[in-house]
Amino acid sequence: TQDNNPIYIVDGIQVENALNTISPQDIASVDVLKDASTTAIYGARGANGVVLITTKNGRAGKTKVAYNGSFGSRKIFKKMDVLNPYDFVNFQYERYMLQNDTATFKTIYGTTWDTLENYKTTPFVNWQDEVFGRSAFYQNHNVNVSGGDAKTTFNLSLTANQEEGVQLESGFNRYLANFRIDHKASDKLRIGLTARYLDQAIKGAGTTGSGTRTTNRLRHAIQYRPFELPGSAIPIDQFDEDYYIRSSGITNPVLLTQQEFRRQNSHAINLNGYASYQIIKNLTFRTQLGYDVNNREQKLFWGEVTGTARNYNGQPVARRSETEYRTLNLSNTLQYNFGKIGKDHKLDVLAGQEIYERKYTDNTLEVRFLPIGITAEKAFARLSLGSPPAGSTFQQPNPTSYVSAPDRILSFFGRANYSFKDKLLASVSVRSDRSSKFSYDNGDLIFPSGSIAWRFSREKFMENVKFITDAKVRVGYGAAGNNRIADFLYLQLYNTNGQYALNHILIPGYEPEALANSSLKWEKTYSTNIGLDLSFLNGKIQFTTDVYKNEGKDLLLGVAIPPTSGYTSQIQNVGSTTNK
């Protein structure tokens, strides 16, 4: 019931929805960490996995300019089989006859069986073709400029993606700019900066909203009657369209797609800077700061044929929302590499501290009872046109505004890596996180992990096996956490959406958002895994397999009792579950 997205670490910094802000052409490598022995050091949200993304940097030498582009079209190649007009109406006739409801059938499809025969000449319309049948053109362009010298390297990438959707009224445009510069200030000091910019527009409401019978647009395209009224052999005045919509819950899919309007525009800026300083030989301090701002504006419009408008006197409804997310990520690490200890041993240790802060604001305005026939563009240009019918009890909703308190995580972590003759490998790590999403008593948690690996490809019995480049077996155990829930669920919060009747007058007031859960705890996943890694032909072919067991303990406790149920207590499930 909660968020199970992985953490995206881009060049050492957590980036929310990283795949939306990075062009594939800018990615140098992607590593996916799944077992707890590697994810535990990311603590607070590592239970869902960690995706490490490294972007391309410049190389010393002449400046290089590269272009990568593609274009084409997309079209669905398989559709669901549907009935032709005669078979469809004949089936409806049999269904209504079994229900002894001839009046309803005659109202919708005709009065006599001779009338039904006319449907044999009615032109067949497959609404899947009308709504999802177009050839959608797309084009992608990327220009990359990179270069530098022995001290400074840079990489600049510009990307444009434009796509039409196969569904009517849908499309996607995205423009990305990515700039990275790395500078060697001295033999001990290195600094760098990465800046990214995103401009993205999404057009269309998609195939489904909540997935209910009336909001699933894919259902309308399949189940709506397979002919148009103007093309029917039956006079239009024999059709009661309003009754057909009310009784079936199905609307003309082309009209529905055109009158369910959505435009979502996003603008994001991501800044990431680092400095690395070698204090003494083998001892390095690194500090890294990331700052991310994401602004999203969404416009939604429901015309008079939509279910939303029918809830409000059959008049259009428009909603506009503006949301801003701001994220700050600061990490500091101190690493000492002992190098070789004697002839056979190697050891390096790392200690670090991290602060992660995220907050957002949201402003939403919804206007109902707009004039029938108004377009979405005119509605958003004149939202003041919305007015409840005279003498009705309908009311316009109040604008809503929300400013979140910062969601903060304070972390301390450490790690040690050891190897013996590069054959026996061991790693241990521990991380302590404190999150503002939990009370003080439950907000702190420790995430330990450890792993041991045997690289048997270095053993003598493998000397004659030339086609295997590298081979090792490993065992790992560790714990990782998940805190991806709403803020302040452990406190009793109130909002101003309450309405109370006093002397036959609705009075606004406070109401609880949900029942508080003071015992809310971290979700903690313990993972045990055994893995085998094989590399063939100098790394050209790689094979990895894992057998693992995950055990979830102290799972996030949710609250499902509505605030108006009348109950004064709740039962909380604090047990553990095991997933294999």
(message) Please tell me whether D101 and T104 have a donor and an acceptor in their side chains that are separated by less than 3.5 angstrom.
(response) yes
(message) Under the rule for ring pair (Phe, Tyr, Trp, His ring centres under 6.0 Å), what residues qualify as partners of F172, not counting sequence neighbours?
(response) none
(request) Check the pair R262, E260 against salt bridge (charged side-chain N to carboxylate O under 4.0 Å, His left out), reporting the backbone distance first and the verdict last. (result) CA-CA 7 Å; R262 184 183 76 151; E260 288 190 315; over 6 Å; no
(request) Report the relative orientation of the aromatic rings in F71 and F137; use parallel for angles under 30°, tilted for 30 to 60°, perpendicular for over 60°. (result) tilted
(message) Could you check whether D129 pairs with K79 (Lys NZ or Arg NE/NH1/NH2 to Asp/Glu carboxylate O, under 4.0 Å)?
(response) yes
(message) Is it the case that the ring center of F105 lies less than 6.0 angstrom away from the ring center of Y93?
(response) yes
(message) Test your reading of the model: is there a side-chain donor-acceptor pair from N272 to the backbone of T194, 3.5 Å cut-off?
(response) no
(message) Return the OG1 to CG distance between T545 and D533, rounded to the nearest 0.5 Å.
(response) 9.5 Å
(request) Answer with yes or no whether the side chains of N142 and S157 bring together a donor and an acceptor at under 3.5 Å. (result) yes
(message) Walk me through whether S321 and T364 qualify under side-chain hydrogen bond (donor to acceptor under 3.5 Å, both in side chains).
(response) CA-CA 4 Å; S321 63; T364 301; 4.7 Å; no
(request) Determine, stepwise, if the pair Q162 / Y175 fulfils side-chain hydrogen bond (donor to acceptor under 3.5 Å, both in side chains). (result) CA-CA 9 Å; Q162 296 182 348; Y175 303 95; 2.7 Å; yes
(message) I'd like to know if R74 pairs up with E163 as an ion pair, taking the criterion as any Lys NZ or Arg NE/NH1/NH2 lying under 4.0 Å from an Asp or Glu carboxylate oxygen.
(response) yes
(message) Using 0.5 Å steps for rounding, measure from the CG atom of N294 to the CD1 atom of I269.
(response) 10.0 Å
(message) Restricting to salt bridge (Lys or Arg N to Asp or Glu O under 4.0 Å), what partner residues turn up for D487, sequence neighbours left out?
(response) K437
(request) State, yes or no, whether a side-chain contact exists between V10 and I22 at a heavy-atom distance under 4.5 Å. (result) yes
(request) May I ask you to test the L168-F132 pair for a side-chain heavy-atom distance under 4.5 Å? (result) no
(message) Strictly below 4.0 Å, N to O, side chains only: are R296 and D362 in salt-bridge contact?
(response) no
(message) Between N550 and T525, does the side-chain hydrogen bond (donor to acceptor under 3.5 Å, both in side chains) criterion hold? Intermediate values first, please.
(response) CA-CA 6 Å; N550 288 339; T525 300; over 6 Å; no
(message) How long is the straight-line distance from CD of E130 back to CG of N252, given to the nearest 0.5 Å?
(response) 9.5 Å
(request) Measure the CD1-CG distance between I181 and L156 for me, rounded to the nearest 0.5 Å. (result) 11.0 Å
(message) So does Y548 get a backbone contact from the side chain of D546, meaning a donor-acceptor N/O pair under 3.5 Å?
(response) no
(request) Taking the side chain as every heavy atom from C-beta outward, state whether V51 and I7 have any atom pair closer than 4.5 Å. (result) no
(message) Is it the case that the side chains of N90 and D87 hold a donor-acceptor pair, with the cut-off being a distance below 3.5 Å and no angle test?
(response) no
(request) Taking atom types as modelled, find out whether T153 and N57 have a side-chain donor-acceptor pair closer than 3.5 angstrom. (result) no
(message) Tell me whether R320 contacts the main-chain N or O of F380 through its side chain, where contact means a donor paired with an acceptor under 3.5 Å.
(response) no
(message) Closer than 3.5 angstrom, by distance alone: can the side chain of E164 be matched with the main-chain N or O of A136 as a donor-acceptor pair?
(response) no
(message) Could you work out, with ring pair (Phe, Tyr, Trp, His ring centres under 6.0 Å) as the rule, every residue matching Y402, not counting sequence neighbours?
(response) Y360
(request) Name the orientation class of the two ring planes belonging to Y109 and F88 (parallel below 30°, tilted from 30 to 60°, perpendicular beyond 60°). (result) perpendicular
(message) Has S170 got a side-chain atom pairing as donor or acceptor with Q167's backbone, closer than 3.5 angstrom?
(response) yes
(message) In the structure I gave you, are the side-chain heavy atoms of S70 and Q139 within less than 4.5 Å of one another anywhere?
(response) no
(request) Can you measure from CG (D199) to CG (N265) and round to the nearest 0.5 angstrom? (result) 7.5 Å
(request) Applying side chain to side chain donor-acceptor pair (under 3.5 Å), name anything that partners D31, two or more places apart in sequence or on another chain. (result) none
(request) Quick one: do Y119 and F227 satisfy ring pair (Phe, Tyr, Trp, His ring centres under 6.0 Å)? Show the steps, please. (result) CA-CA 9 Å; Y119 284 103; F227 57 89; 5.4 Å; yes
(request) Give a yes or no on whether the backbone of Q25 and the side-chain of K56 come within a donor-acceptor separation of less than 3.5 Å. (result) yes
(request) Classify the side-chain pair R326/Y291 by whether it contains a donor and acceptor separated by less than 3.5 Å. (result) yes
(message) Working to the nearest 0.5 angstrom, can you tell me the gap between Y8 OH and N20 CG?
(response) 8.5 Å
(request) Using modelled atom types only, decide if a donor and an acceptor are shared between the side chain of Q298 and the backbone of E322 within a distance under 3.5 Å. (result) no
(request) Taking T469 for its side chain and N538 for its backbone only, find out whether a donor-acceptor pair lies under 3.5 Å. (result) yes
(request) Spell out, as yes or no, whether a donor-acceptor pair under 3.5 Å connects the side chain of R217 to the backbone of G206. (result) yes
(message) Closer than 3.5 angstrom, by distance alone: can the side chain of K75 be matched with the main-chain N or O of G133 as a donor-acceptor pair?
(response) yes
(message) Could you work out, with side chain to side chain donor-acceptor pair (under 3.5 Å) as the rule, every residue matching N144, not counting sequence neighbours?
(response) N155
(request) Check side chain to side chain donor-acceptor pair (under 3.5 Å) between R180 and all other residues, then give those that pass, not counting sequence neighbours. (result) T55, D182
